[in-house]
Number of protein chains: 2
Amino acid sequence: MEVKTKKKRYDDDLLELTNISKALSHPLRLYILKRLSKMNACCYSGDLVDELGVGRSTLSQHLKELKYAGLIQGEIEAPYIKYCINRENWALAQKLYKELFNL
Amino acid sequence: MEVKTKKKRYDDDLLELTNISKALSHPLRLYILKRLSKMNACCYSGDLVDELGVGRSTLSQHLKELKYAGLIQGEIEAPYIKYCINRENWALAQKLYKELFNL
DNA sequence: TTTATATTTCGCAAAATTACGAAATGTTTT
DNA sequence: AAAACATTTCGTAATTTTGCGAAATATAAA
């Protein structure tokens, strides 16, 4: 009798790296990360709207995804929200890519 | 009068890195890449079907995407096709992530 | 040359991603 | 308190991704 093979279970590091990669897989999000990852850089949502020429709600959605992936964090600086890299998780991402590429 | 701001044009390196990241953003594809990136490792489609418990056509689709992204290459070794890392483009990916993380 | 094997392509349906305007939320300024 | 400003949430439509069985392609073995 044919045995329907069971689906592979992936380990946590691999799943984490797929999530991070998904976060990096849109030009707008990657642009933001590159911009913020520079030494001590932060920015406001409004700045990026002008810089990128994208709808406010669209940008907000992408920022939310980056936040959800843990790569950035927002700090309220009323009436703005200041976004910066989440250094802890950025270092984790760095580690995972390093492992992938044997750096 | 309101000026509808122009959409940002992204540079080639950034777009290339988004494409590579997209290729890495699925557990099955990342698993394959991790497996193949080990020293001199190659594999056949059939091996992976058993190992991953996924439909043949599904796997084929993912291999196609990895090929399209330039990260792997297939060599005919009848009746099989032997898949390996495309070392040249793998090195490029490595370089781009290195730049992103200032490694 | 028929049969078996390895893989891909096709067609399709379900799910996820993307973009954006309108409306909502919350804060500051007047 | 009202008006102005920054940002997010909601609703929605278009597009892309994903998964898989059936059929097609191509080669090897009998």
Side-chain angles (χ1 to χ4, degrees), chain A residues 2-10 14-15 18-33 36 42-69 71-84, chain B residues 2-10 14-15 18-33 36 42-69 71-84:
Chain A
E2 281 296 331
V3 177
K4 179 74 176 179
T5 318
K6 246 204 174 150
K7 272 248 162 66
K8 172 87 181 163
R9 299 263 318 178
Y10 301 101
L14 187 143
L15 293 174
T18 62
N19 284 333
I20 294 169
S21 296
K22 194 175 297 184
L24 303 186
S25 71
H26 187 288
L28 190 146
R29 291 196 296 267
L30 191 52
Y31 179 88
I32 293 170
L33 289 173
L36 294 185
C42 291
C43 71
Y44 304 104
S45 180
D47 302 345
L48 293 171
V49 167
D50 299 339
E51 202 169 326
L52 296 168
V54 71
R56 290 169 191 285
S57 58
T58 302
L59 180 66
S60 189
Q61 174 64 22
H62 285 293
L63 289 171
K64 190 178 173 181
E65 279 172 56
L66 289 174
K67 238 186 310 182
Y68 183 73
L71 296 173
I72 65 170
Q73 57 198 348
E75 187 191 340
I76 292 172
E77 202 172 80
Y80 303 92
I81 299 174
K82 188 171 79 175
Y83 284 102
C84 311
Chain B
E2 282 295 331
V3 176
K4 178 74 177 179
T5 319
K6 244 201 173 156
K7 272 250 162 64
K8 172 87 182 163
R9 300 264 317 179
Y10 301 100
L14 187 142
L15 292 174
T18 61
N19 284 332
I20 295 169
S21 296
K22 195 176 296 186
L24 303 186
S25 71
H26 188 288
L28 192 146
R29 291 195 297 266
L30 190 52
Y31 180 88
I32 293 169
L33 289 173
L36 293 185
C42 290
C43 71
Y44 305 104
S45 181
D47 302 345
L48 293 171
V49 167
D50 299 338
E51 202 169 324
L52 296 169
V54 72
R56 287 168 194 286
S57 58
T58 301
L59 180 66
S60 190
Q61 174 64 21
H62 285 293
L63 288 171
K64 190 178 174 183
E65 280 171 54
L66 289 174
K67 238 187 310 182
Y68 182 74
L71 296 173
I72 66 170
Q73 57 199 348
E75 188 190 340
I76 292 170
E77 203 172 81
Y80 303 92
I81 299 176
K82 187 170 78 173
Y83 285 102
C84 312

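Naming convention: chains lettered A, B, ... in sequence-line order (proteins, then strands); numbering from 1 in each chain. When reading the values below, keep in mind they use all heavy atoms of this one structure, side chains included, and skip hydrogens, waters and symmetry mates.
D:dT16 atom P lies 13 Å from atom CG of B:N19, rounded to whole Å. In this structure, the CD atom of A:E77 is 14 Å from the C1' atom of D:dT7, given to the nearest Å. A straight line from NE2 of B:H26 to P of C:dA16 spans 12 Å, rounded to a whole angstrom. Across the protein-nucleic acid pair, A:Q73 atom CD and D:dT7 atom P stand 17 Å apart, rounded to whole Å. Rounded to whole Å, the distance from CG on A:L52 to C1' on C:dT18 is 15 Å. When the P atom of D:dT7 is taken as reference, atom CD1 of A:I72 falls 12 Å away, rounded to whole Å. One can place CG of B:L66 at 14 Å from C1' of D:dT18, the figure rounded to the nearest angstrom. In this structure, the NE2 atom of B:H62 is 9 Å from the P atom of D:dC20, given to the nearest Å.
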Quiz item: Reading nucleotides 3-10 of chain C 5' to 3', which nucleotides get B (base under 4.0 Å from a protein heavy atom), which S (sugar-phosphate only), which -?
Solution: ---SBBB-

Distance-only check: which donor-acceptor pairs under 3.5 Å involve side-chain atoms of residues 24-31 of chain A, not counting sequence neighbours?
residue, atom, partner, partner atom, Å
A:S25, OG, A:K22, O, 2.8
A:H26, ND1, A:L28, N, 3.1
A:R29, NE, A:A23, O, 2.9
A:R29, NH1, A:H62, ND1, 3.0
A:R29, NH1, A:E65, OE1, 2.9
A:R29, NH2, A:K22, O, 3.1
A:Y31, OH, A:E51, OE2, 2.5

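The shortest distance between the side-chain N/O atoms of B:K22 and the OP1/OP2 oxygens of D:dT17 is below 4.0 Å.
Considering all non-hydrogen atoms of both residues, A:L15 and A:Y10 come closest at CD1-O, 3.7 Å.
Side chains of B:C43 and B:L48 form a contact here, defined as non-hydrogen atoms less than 4.5 Å apart. Side-chain contact check for B:L36 versus B:L71: every heavy-atom pair is 4.5 Å or farther apart. Looking at B:Q73 and B:Y83, their side chains never come closer than 4.5 Å, going by heavy atoms from C-beta outward.
For A:E75, there are no salt bridge (Lys or Arg N to Asp or Glu O under 4.0 Å) partners two or more places apart in sequence or in a different chain.
Residue-level contact check: A:E65 touches the backbone only, with heavy atoms under 4.0 Å from sugar-phosphate atoms and none from bases.
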